[in-house]
Student: 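Can you keep this structure in mind? I'll have questions shortly.
Remember, predicted model here, so these are calculated numbers, not experimental data. We count residues from 1, following the sequence as given.
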Amino acid sequence: QVQLVESGGQLVQAGDSLRLSCVASGGTFSHYAVGWFRQAPGKEREFVANSNWNGASTYYTDSVQGRFTISRDNVKNTVYLQMNSLKPEDTAVYSCAAKRGRPEVYGNSYDYWGQGTQVTVSS
């Protein structure tokens with residue numbers, strides 16, 4: 001059983017940068033692909049980025065490509081989401097998720113989820 005805990009969300013201004021962290025416990029972190037998802041008020045959960053087990057393969061949704069970077073440190077059991085050039089439309093609760101096997105863009109493919117961290121971008 002893997003537990004995930006996100007941190008780093010806060011209120012920032014448009015154009016600012018922010019780094020989210022997600023710390024895993026309870027399993028061998030390198031056995032899992034990871035993903036970041038977000039959900040804005042009144043909207044469906046949205047895929048943001050994913051990474052394979054060692055970070056060599058990553059994938060992003062179009063709206064964050066070139067601004068966000070997912071990375072992981074398997075020694076620290078942590079996955080990061082570096083977010084640059086933030087926009088008001090990036091405002092959401094950001095959650096990390098983990099699954100065995102290949103990374104996916106579909107949230108229901110993931111077995112383990114964190115509680116989420118709020119990111120608010122003011123204009």
Side-chain angles (χ1 to χ4, degrees):
Q1 188 78 8
V2 175
Q3 292 82 42
L4 302 171
V5 179
E6 302 95 335
S7 63
Q10 62 179 298
L11 171 63
V12 297
Q13 293 189 333
D16 284 353
S17 296
L18 201 58
R19 189 177 79 162
L20 305 183
S21 300
C22 173
V23 179
S25 60
T28 303
F29 188 54
S30 60
H31 289 180
Y32 295 87
V34 293
W36 282 99
F37 293 79
R38 65 187 180 186
Q39 188 166 19
K43 294 189 176 182
E44 297 283 323
R45 184 175 59 197
E46 175 189 27
F47 166 76
V48 176
N50 65 24
S51 168
N52 74 329
W53 72 276
N54 65 355
S57 176
T58 59
Y59 183 72
Y60 302 88
T61 192
D62 287 347
S63 63
V64 309
Q65 179 73 48
R67 298 190 298 123
F68 290 12
T69 303
I70 186 172
S71 61
R72 62 190 296 166
D73 184 336
N74 286 343
V75 174
K76 295 182 178 179
N77 289 348
T78 302
V79 59
Y80 304 99
L81 185 67
Q82 177 67 42
M83 305 186 294
N84 298 330
S85 302
L86 282 161
K87 304 175 181 180
E89 51 263 44
D90 295 319
T91 295
V93 174
Y94 284 72
S95 299
C96 65
K99 66 180 295 291
R100 287 186 176 271
R102 298 170 57 183
E104 299 283 354
V105 300
Y106 303 105
N108 57 13
S109 299
Y110 289 78
D111 300 308
Y112 306 103
W113 288 84
Q115 82 290 347
T117 186
Q118 176 71 49
V119 173
T120 303
V121 185
S122 64
S123 57

Student: Step by step, work out the side chain to side chain contact (heavy atoms under 4.5 Å, CB included) result for Phe37 and Asn50.
Tutor: CA-CA 9 Å; Phe37 293 79; Asn50 65 24; over 6 Å; no
Student: Taking Val121's backbone N and O only, do any of them form a donor-acceptor pair with Thr91's side chain (distance below 3.5 Å, no angle check)?
Tutor: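 Checked: pair present.
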Student: Strictly by disulfide bond (SG atoms under 2.5 Å apart), give each pair with a member in residues 26-63 just once, sequence neighbours left out.
Tutor: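 Applying disulfide bond (SG atoms under 2.5 Å apart) to every pair that reaches into residues 26-63, excluding sequence neighbours, yields nothing.
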Student: What pair of heavy atoms forms the shortest contact from Leu81 to Ala49, and how long is it?
Tutor: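 Shortest heavy-atom separation between Leu81 and Ala49 comes out as CD1-CB, 4.3 Å.
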Student: Any salt bridge (charged side-chain N to carboxylate O under 4.0 Å, His left out) pairs touching residues 92-112, not counting sequence neighbours?
Tutor: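 Applying salt bridge (charged side-chain N to carboxylate O under 4.0 Å, His left out) to every pair that reaches into residues 92-112, excluding sequence neighbours, yields nothing.
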Student: Might you work through the side chain to side chain contact (heavy atoms under 4.5 Å, CB included) test for Ser63 and Glu46, ending with a clear yes or no?
Tutor: CA-CA 11 Å; Ser63 63; Glu46 175 189 27; 4.1 Å; yes
Student: What pairs of residues pass the side chain to side chain donor-acceptor pair (under 3.5 Å) test when at least one of them lies in residues 7-24, not counting sequence neighbours?
Tutor: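 Every pair satisfying side chain to side chain donor-acceptor pair (under 3.5 Å) with a residue in residues 7-24: Ser17-Asn84.
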Student: Does Ser57 have any side chain to side chain contact (heavy atoms under 4.5 Å, CB included) partners at least two apart in sequence or in another chain, and if so, which?
Tutor: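 Ser57 satisfies side chain to side chain contact (heavy atoms under 4.5 Å, CB included) with Asn52 once adjacent residues are dropped.
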Student: Could you tell me whether a side-chain N or O of Glu6 sits under 3.5 Å from a main-chain N or O of Gly116, the two making a donor and an acceptor?
Tutor: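 Checking the backbone N and O of Gly116 against the side chain of Glu6, a donor-acceptor pair under 3.5 Å is found.
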Student: Tell me, do Phe68 and Leu86 make a side-chain contact under 4.5 Å, heavy atoms counted?
Tutor: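 Side-chain contact under 4.5 Å: yes.
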Student: Tell me which pairs pass side chain to side chain donor-acceptor pair (under 3.5 Å) where either residue lies in residues 65-76, with sequence neighbours left out.
Tutor: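 Of all non-adjacent pairs touching residues 65-76, those that pass side chain to side chain donor-acceptor pair (under 3.5 Å) are Arg67-Asp90, Arg72-Asn74.
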Student: Would you list the pairs meeting disulfide bond (SG atoms under 2.5 Å apart) in which at least one residue belongs to residues 8-98, sequence neighbours left out?
Tutor: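 Listed once each, the pairs are Cys22-Cys96.
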